[in-house]
Structure formats: structure tokens, C-alpha cells
Amino acid sequence: MLKRLYRWLDLRIGVGEIVEKELTGYLLPRNINEWYSLGSVLLVIFALQVITGMLLMIYYVPDADKAFKSVTFIMNEVPYGWLIRLCHAVGSNMMVAVLILHMLSTLLMGSYKAPRELNWVTGFTLLALVQGISLTGYLAPWSQLSFWATTVATNSASAIPVVGPYLVEFLRGGKLVGPPTLGRFFALHAAVLPVVIAAVIGAHLFLLKRTGVSAPPFGREGTATPFEAQQYHYQGHPGGIPFFPNYALQDLASISIYFAVFLAVVFFWPGMPFTPDAFVPADPFKTPAHIKPEWYFLANYQTLKIFPSELLGLSVQAAAMTFLALLPFIDRSPERHPLKRPVFLTLVIAGILLWIALSVWGHLS
Amino acid sequence: MENEGRRKFLGVCVAGATAAAAVAAGYPVFRYLAPRSGQGGAAKLVIPVGELKEGDAKFFEFAGSSAVLIKTQSGELVALSAVCTHLGCIVQWVKEKQQFLCPCHGGQFSTDGTVLGGPPPRPLAKIPLTVTEGNITIG
Ligand code: HEM
Ligand code: FES
């Protein structure tokens, strides 16, 4: 039955040719490793965020008077509403975590180097966009946590000289966070950013299709394959393993492991995305005692706190982010094996430790 | 040939696991989307007799749908479903003619729900009512 359908389609639109070119005949380096499957995991997570987000929109009301009630209704009254909401909230955290892993793997394997600079740049853009979609979504439940986290986050822009104060007002749609903020944040969260992210993912994958996947720097071949910018050429892997079925199975395995972890959090640690302030409706006249951003913003939060001037703290972060974003244009040696790049490796490890230390400090302070 | 057997076995396992996962994900989503029962409003309603004059009609929500109560000029009380039996528009009361008109395709019904003209295939459904001590209990 399926075979006949396949043949029917093949005779008309030549699916066989596509399968041959993109799946069974799409060859990957023989020494490819598990880390290359994180991109597929991210695609699945993004799809899941889109689906659960659409489902939430059925009952969620983006109105300052009704938002908190509608979310409580989803959690307590709608059958399996808690499941959909938790998948969305936990999923957003997991997405940032997997995004960081994907980024670290391409960082450590030097996959960002020529000719894949644009892959890195679009990837970095995705990181920023995903942080943006998380930040704007955080306001949606209109809880004390939403309200004050957004107040603090938007307020940090006020340190920017000259335009800062106006920028804050512009972001909020008013002097303080209020109903107009919910309107614009929700539009960004549910309409603008998903489309932009989908488009940038498209660009990210398109670039990958044009450059070809990188060979890992470990094992068989030489690790430094210099890229000669004389003429465009696709980096294929003749004699490699086919994407389907070999690597598709790795993708499937990684996605399954991801789901195991993700569902374990959803079912056994449902409080992960929340603090007690998440269960109290927003009150613009009452700041709760400890307002902290989500874990992946803790380092930024702490950096802002330790510098004597907010402007300085903001500038340091902007400089670090710009450095990371432009890394492929700064670090241009062809060597990709991390152990053959001791300075680089030291810097990466120091950077990770610094980030973790700042986050823990931010959490405890 | 041993490979063939293995391949088939694995294929069946993957298909089975996929089907199980689809059901496990599909059921909550279906329940989430399914209309909530017991949300349709009261299935019994009390209206004071004095609220309605001869020749008037009163529309109200009944058991999650629309219904209408009329007092004919002879003083008789009738409760009907207000959902047109053609394509489900809500009928209107035309006081001057003492009959219902469906604005969608011009269906006409009498005060007891019988079709007087237009496309509706069936009369409007009757809803039982009782009158006790000045109160009309519908349903
Ligand atoms: C929504 C977020 C993202 C999605 C859906 C995504 C998806 C993918 C996919 C499917 C691949 C191909 C397979 C693989 O190597 O994993 C890939 C490759 C790559 N990604 Fe991402 N990615 C995302 C974010 C990022 C970020 C944040 C970075 C780094 C800043 C990044 C950098 C790269 C690089 C350099 C490659 C090329 C790897 C190679 O050819 O060896 N991506 N991405
Ligand atoms: S729906 Fe009433 S006449 Fe067609």
C-alpha cells in the first residue's frame, strides 16, 4: 500500500530522486559524532513550542485583567491544560539549554570557521531571538513574577546613554510596565518572533546545504583542512555514511533522549519553570522580595549588579556578545582540533566557568 | 535473509512505538480541545409569568442553545427551540404577523413551530413547560 503510494508519487513528482539526493545519497563524514544531532533536536523542540503555543492560545487571553485568570483556568480546569502549559514552559527552558549545547559543540569542534562563518552568525542570531521570545513570553501569565521580571529586564536598557530612558518607555509602551506592555510583548511573542525565528532557521539550514556539513576535527583525516576562498565548492563527503538510515537513527536516538529528559522534568519537576511569585497575580503596587530572572539570564543579571555603573555592566555584556557573534571573523586559523588550540580551549573553559560562576552568584545573591 | 527478518522486526517496533507515542500525545490534545461538558448553561429555567405580555416573545439561553418563549394573543404559552431547522440560524419573532421568520433564507414558522414557508424541513422543536404560582418553569 505504502509502496504503491510512493511509486504513484515518484512517477509524478520524482520523490525517488529527492530521497536519493537528500536522504540515502546525502553522505556525511564517517567520523561524524552525536553532537551533530543537536540541530535536529532543536528543530523538534521549536516545532513543539509552536504547537503547544497554538494550543495555549485557544484558552489564553492576552488582556491584563484576564491573562492570569485564563492561565489559572488552563492549569486547573481545562483537561490536560497543565500538560500543554508545562510542555511550553519547560520546553522554552530546554530549548535554551540545548541551544547552548549546540553552540558549544560547534564552538569546540571549530565548525564556525571558514566557510561556515555565516552558519555561526545565523546561529548566534537564533540564540538572541530565542532569548527574546522567552523574555516576551515570560510576561504572558501576568503574574507577580512576570510583571517584575519584565520591569527589571526592560529597566536595564535605561543605562544606555541619551536614548535609554525613552527606549525603556518605548519597550514598555508606557512609563511603567502595564497593560500596553502585555499587548506589544504578546504580539512579539506569538506573532513576530516565531516567524522571524522560522525564517532564520531556514537561512541556517540553507547555508548548511550550501557549505555542506563539516567533518569533525577528531580522528581519521587531517584536522586542519584549510578553506581556499578561490571558488565556491560544496564540501561533500564521498565514501561517507548516508544520512538515511544511518544518521537519521542517531537523530532519532538523540530526540528520544531529549524527550526522556524533557518529560521527566514535566512530570517530576513541574515547579522548575516557576517560583512562588508565579502563582500570584501581578500587582503593580507591590514589588515581591526576591525577583530573579530565569536561569539563563542570571549571569547577565549578576554582571549588571557587580559593576558600579549600569552603563559599564551593559557595555561589558554587549562587548562579550559582539565578540562571540563575530568570533569566526576574529579567530581565523584553520586548525579545528580543540587540543591543538590550547589558548582557545583555555579561553572557552574559562568562559564557561565564568558564566556558571556568575549564574550561581546571581542565584544566591 | 536474516537481515530481512531483523529489518522487518525493527520496522514493526518503530511503527508500534510511533503509534503508541501518537496516541499518548493525541489523547491529551483531543481532551484539551474537546468542548467542555456541563458548560452549556442551565437545562431548567424559571421565568415569572408577568415578564411576558400577550403577543410577545422572549429569547433565552437554554441547555447551551437558543430558545424562545412566546405568549400568543390568546394567552397560550409556548417554548420552542429558536434554532432554525434549515441551516441553524436563529429565528426572529415578527410581532405584527405573530410568526417566526428566519433571516437567513426566509423560513417561516407559526407560534407552535410548524413550517409556514421557506426551506426548513422540520418544525421548530418544542420544549416542555409548566406554570405554577405565577412562575413558568421551562425544561
Ligand atoms: C533555533 C535554534 C537552532 C536550530 C534549530 C539549529 C539547527 C541546526 C541544524 C539542523 C544544523 C545541522 C546539524 C548539526 O550540525 O547540528 C545546524 C548546524 C550548525 N549550527 Fe545550528 N541551530 C540553531 C542555533 C544555533 C546557534 C545558537 C549556533 C551558534 C551560535 C549555531 C551554529 C551552528 C553551526 C556553526 C552549524 C554548522 C555545523 C557543522 O556543519 O559542523 N546554531 N544547526
Ligand atoms: S437557516 Fe433558516 S431558513 Fe435557512
Side-chain angles (χ1 to χ4, degrees), chain A residues 1-3 5-6 24 41 44-45 47-60 70-91 242 244-264 266-267 270, chain B residues 1-47 59-67 81-84 86-90 104 127 137-139:
Chain A
M1 177 62 204
L2 278 177
K3 282 216 174 83
L5 180 67
Y6 180 82
T24 53
V41 176
V44 170
I45 304 179
L48 211 64
Q49 289 304 99
V50 171
I51 294 170
T52 50
M54 286 176 172
L55 288 172
L56 285 175
M57 249 195 263
I58 295 172
Y59 296 104
Y60 173 74
S70 71
V71 172
T72 312
F73 180 74
I74 292 172
M75 288 299 273
N76 300 343
E77 310 275 336
V78 182
Y80 296 97
W82 57 271
L83 181 60
I84 308 286
R85 166 140 193 252
L86 278 176
C87 281
H88 199 72
V90 173
F244 187 88
N246 297 40
Y247 206 71
L249 204 60
Q250 174 63 56
D251 276 348
L252 200 63
S254 299
I255 292 167
S256 306
I257 294 171
Y258 169 75
F259 267 110
V261 176
F262 168 64
L263 292 177
V266 168
F267 290 120
Chain B
M1 273 306 97
E2 199 195 324
N3 255 340
E4 278 297 297
R6 272 196 199 180
R7 201 169 267 197
K8 194 151 190 173
F9 175 74
L10 277 176
V12 170
C13 288
V14 169
T18 310
V23 171
Y27 177 72
V29 171
F30 171 74
R31 287 289 313 281
Y32 181 85
L33 293 174
R36 291 157 46 73
S37 52
Q39 206 193 19
K44 233 182 184 54
L45 203 75
V46 179
I47 297 172
F59 287 82
F60 55 91
E61 210 186 289
F62 181 74
S65 183
S66 286
S81 155
V83 182
C84 176
H86 179 220
L87 294 177
C89 293
I90 300 302
C104 287
I127 301 168
T137 310
I138 294 156

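Residue numbering restarts at 1 for every chain, and letters A, B, ... go by the order of the sequence lines.
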Undergrad: Are B/Cys104 and B/Cys89 close enough that their SG atoms are less than 2.5 Å apart?
TA: yes

Undergrad: Just give me the residue among A/Ile51, A/Ile84, A/Ile58 that pairs up with chain B most often, heavy atom to heavy atom, under 4.5 Å.
TA: A/Ile84

Undergrad: Only heavy atoms, only distances under 4.5 angstrom. Which residues in residues 74-83 of chain A are near chain B?
TA: A/Ile74, A/Glu77, A/Val78, A/Pro79, A/Tyr80, A/Gly81, A/Leu83

Undergrad: Please check this pair: side chain of B/Ser65 against backbone of B/Phe62, looking for a donor-acceptor N/O pair closer than 3.5 Å.
TA: no

Undergrad: What are the residues of residues 14-27 of chain B, in order of number, with any heavy atom under 4.5 angstrom from a heavy atom of chain A?
TA: B/Tyr27

Undergrad: Closer than 3.5 angstrom, by distance alone: can the side chain of B/Glu61 be matched with the main-chain N or O of B/Ala67 as a donor-acceptor pair?
TA: no

Undergrad: Short question: side chain of A/Tyr60, backbone of A/Val71 - any donor-acceptor pair under 3.5 Å?
TA: no

Undergrad: Heavy atoms only: give me the nearest B/Gly88-B/Val83 pair and the separation to one decimal.
TA: CA-CG1, 3.7 Å

Undergrad: Report the residues that fulfil side chain to side chain donor-acceptor pair (under 3.5 Å) with A/Ser254, sequence neighbours left out, ordered by chain and then residue number.
TA: A/Ser37, A/Gln250

Undergrad: Considering residues at least two apart in sequence or located in another chain, which fulfil the ring pair (Phe, Tyr, Trp, His ring centres under 6.0 Å) criterion with A/Tyr247?
TA: none

Undergrad: Take atom OH in A/Tyr6; do more than 12 heavy atoms of anything else shown fall under 6.0 Å from it?
TA: yes

Undergrad: Classify the ring geometry of A/Phe262 against A/Tyr258: parallel below 30°, tilted from 30° to 60°, perpendicular beyond 60°.
TA: parallel

Undergrad: Could you go through B/Tyr32 and A/Leu56, starting from their C-alpha distance and side-chain angles, then the distance that decides it, and tell me whether this counts as side-chain contact (heavy atoms from CB on, under 4.5 Å)?
TA: CA-CA 10 Å; B/Tyr32 181 85; A/Leu56 285 175; 4.0 Å; yes

